[in-house]
Amino acid sequence: MNKNKPIHYFMRPEDSDFLLINNTTEDNTIVEYFDSEEDKDLAKFAEIVKTKPNCNQKHFIVYRGDDYCAVETDNVENTYIFSSTREPFIMSKLVEGLETIDTLIEEDKRFKAMLAKHVPQPGFKLRDANGEIIPDGKGFSLQIVGDPEEVLDKEDDEDTEGLPEEEKLYDDDWLFAFSDSTEEYGYALCASPGNGDIFECETIDDIVYLKHEGGYLYFPTDSNSSSIYIGEAVPTKEQRIEIYYDDDGDIYLTAFEGSNYVDCDWIKCSFGVIGLYGSTKPMKLRIHM
């Protein structure tokens, strides 16, 4: 049973298809329509929300197309715009009171400042955990780097019930390609404890692409999916996965120009789906030869 108060969405009728795509009605939401951009009055929307005490009183959402705008009810000048790929993460944090618009904005600023220090330069080369350059075509594995101060927030933690906290840390999870016949795009990138799959890189016009069994890792731009897939064609600029190094030599994977970043959505303790979930602590990876 969901104990959180539903959050109020405002949208145009022509954008209502997203209710079916994203199952928003199952995510504790109330929806109200406005007819045109001229009717998009944030102050008016805030007053509507205030008349509904059984709704979340701190924030409401204005949705149009692929963009979401979280608005602070008591200060409609304070807004936070995010994409559909980040919607599940952002909404859960706002509804549960784990984040505010201000903290989300600050997290974005910190992460973008970190990325700005490590923008891939011409001649960029992929390196392993020891700093050794990885030549094109050389196989390697990708390990999720655990935070020693945190325990994974996995949706189903029955597998770890009764274990000491230090044994729950995600220090032995690896990436692999998972084939699911229900997936429109075939192989998706996933994570699991134990040995991971072998990946490689290919450099084309000074751009490093990650590959698996001859296919390129990419984000589909014509889908509402947040997952990373493997396809035969060289990814377009918008589909490209970019690699950023942290100060310690580990890497982050992001969408083009760091516009969004990759994390793991743990379906259960032994299986997670890698994609653009936009958590405030992006997933770090370590390359092993």
Side-chain angles (χ1 to χ4, degrees), residues 1-113 150 153-157 223-226 255 258-261 263 265-267 275-282:
M1 179 180 178
N2 195 332
K3 297 181 180 179
N4 296 309
K5 290 185 177 182
I7 199 157
H8 207 308
Y9 274 67
F10 295 90
M11 71 180 69
R12 300 179 309 171
E14 56 263 42
D15 292 326
S16 61
D17 285 350
F18 99 111
L19 295 174
L20 298 175
I21 295 171
N22 294 332
N23 294 317
T24 304
T25 52
E26 297 178 10
D27 292 335
N28 210 22
T29 352
I30 290 178
V31 177
E32 195 159 330
Y33 297 106
F34 60 92
D35 292 329
S36 66
E37 282 300 292
E38 288 72 26
D39 296 323
K40 190 174 73 174
D41 186 332
L42 298 186
K44 178 182 176 181
F45 293 166
E47 291 305 313
I48 292 173
V49 172
K50 291 176 182 177
T51 66
K52 301 178 179 180
N54 290 326
C55 287
N56 185 303
Q57 293 292 296
K58 293 183 178 180
H59 310 97
F60 61 90
I61 302 295
V62 178
Y63 173 80
R64 181 180 179 185
D66 258 348
D67 289 331
Y68 295 77
C69 180
V71 184
E72 186 177 325
T73 307
D74 290 333
N75 177 14
V76 295
E77 298 295 321
N78 197 21
T79 62
Y80 180 76
I81 297 174
F82 55 98
S83 65
S84 59
T85 56
R86 301 188 69 194
E87 189 265 348
F89 170 79
I90 298 296
M91 290 307 304
S92 65
K93 295 299 183 183
L94 289 176
V95 170
E96 294 171 18
L98 300 177
E99 298 281 0
T100 66
I101 289 175
D102 289 333
T103 59
L104 289 169
I105 291 172
E106 286 304 310
E107 288 289 351
D108 278 2
K109 287 180 179 177
R110 282 195 289 271
F111 186 71
K112 287 177 180 178
E150 291 199 356
D153 181 20
K154 297 181 180 178
E155 294 179 17
D156 177 6
D157 62 357
S223 168
N224 285 300
S225 174
S226 300
S259 57
N260 209 337
Y261 40 93
D263 202 353
D265 180 19
W266 289 98
I267 308 304
L276 289 171
Y277 303 115
S279 76
T280 53
K281 289 193 175 181

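Numbering of residues begins at 1 and proceeds along the displayed sequence.
- Summarising the geometry of Cys69 relative to Thr79, their closest heavy-atom pair is SG-CB, 3.7 Å, with the distance given to 0.1 Å.
- Note that OG1 of Thr100 and CD of Glu72 are 7.5 Å apart. Values are rounded to the nearest 0.5 Å.
- To the nearest 0.5 Å, atom CD1 of residue Ile7 and atom SG of residue Cys55 are 9.0 Å apart.
- The CG atom of Asp35 lies 8.5 Å from the CD atom of Glu14; values are rounded to the nearest 0.5 Å.
- Judged as a salt bridge (Lys or Arg N to Asp or Glu O under 4.0 Å), and not counting sequence neighbours, Asp102 has no contacts.
- Interatomic distance, CZ of Phe60 versus CG of Leu42, reported as 5.0 Å (0.5 Å rounding).
- Rounding to the nearest 0.5 Å places NZ of Lys50 at 4.5 Å from CD of Glu47.
- Counting heavy atoms from C-beta outward, Leu94 and Leu104 have side chains that approach closer than 4.5 Å.
- Looking at residues two or more places apart in sequence or on another chain, you find a salt bridge (Lys or Arg N to Asp or Glu O under 4.0 Å) between Lys52 and Glu32.
- With sequence neighbours left out, Glu77 forms a salt bridge (Lys or Arg N to Asp or Glu O under 4.0 Å) with no residue at all.
- Between atom CD of residue Glu106 and atom CD1 of residue Ile101 there is a gap of 13.0 Å, rounded to the nearest 0.5 Å.
- In this structure, the side chains of Met11 and Tyr33 come closer than 4.5 Å at one or more pairs of heavy atoms.
- Residue Tyr68 comes nearest to Ile61 through the heavy atom pair CD2-CG2, 3.9 Å, listed as atom of the first residue, atom of the second, then distance.
- The heavy-atom pair separating Thr51 from Ile48 by the smallest distance is OG1-O, 2.5 Å.
- For the pair His8/Asn56, no side-chain contact is recorded, criterion being any heavy-atom separation below 4.5 Å from C-beta on.
- For Phe45, the ring-ring contact (aromatic ring centres under 6.0 Å, His included) partners at least two apart in sequence or on another chain are Phe10, Phe34.
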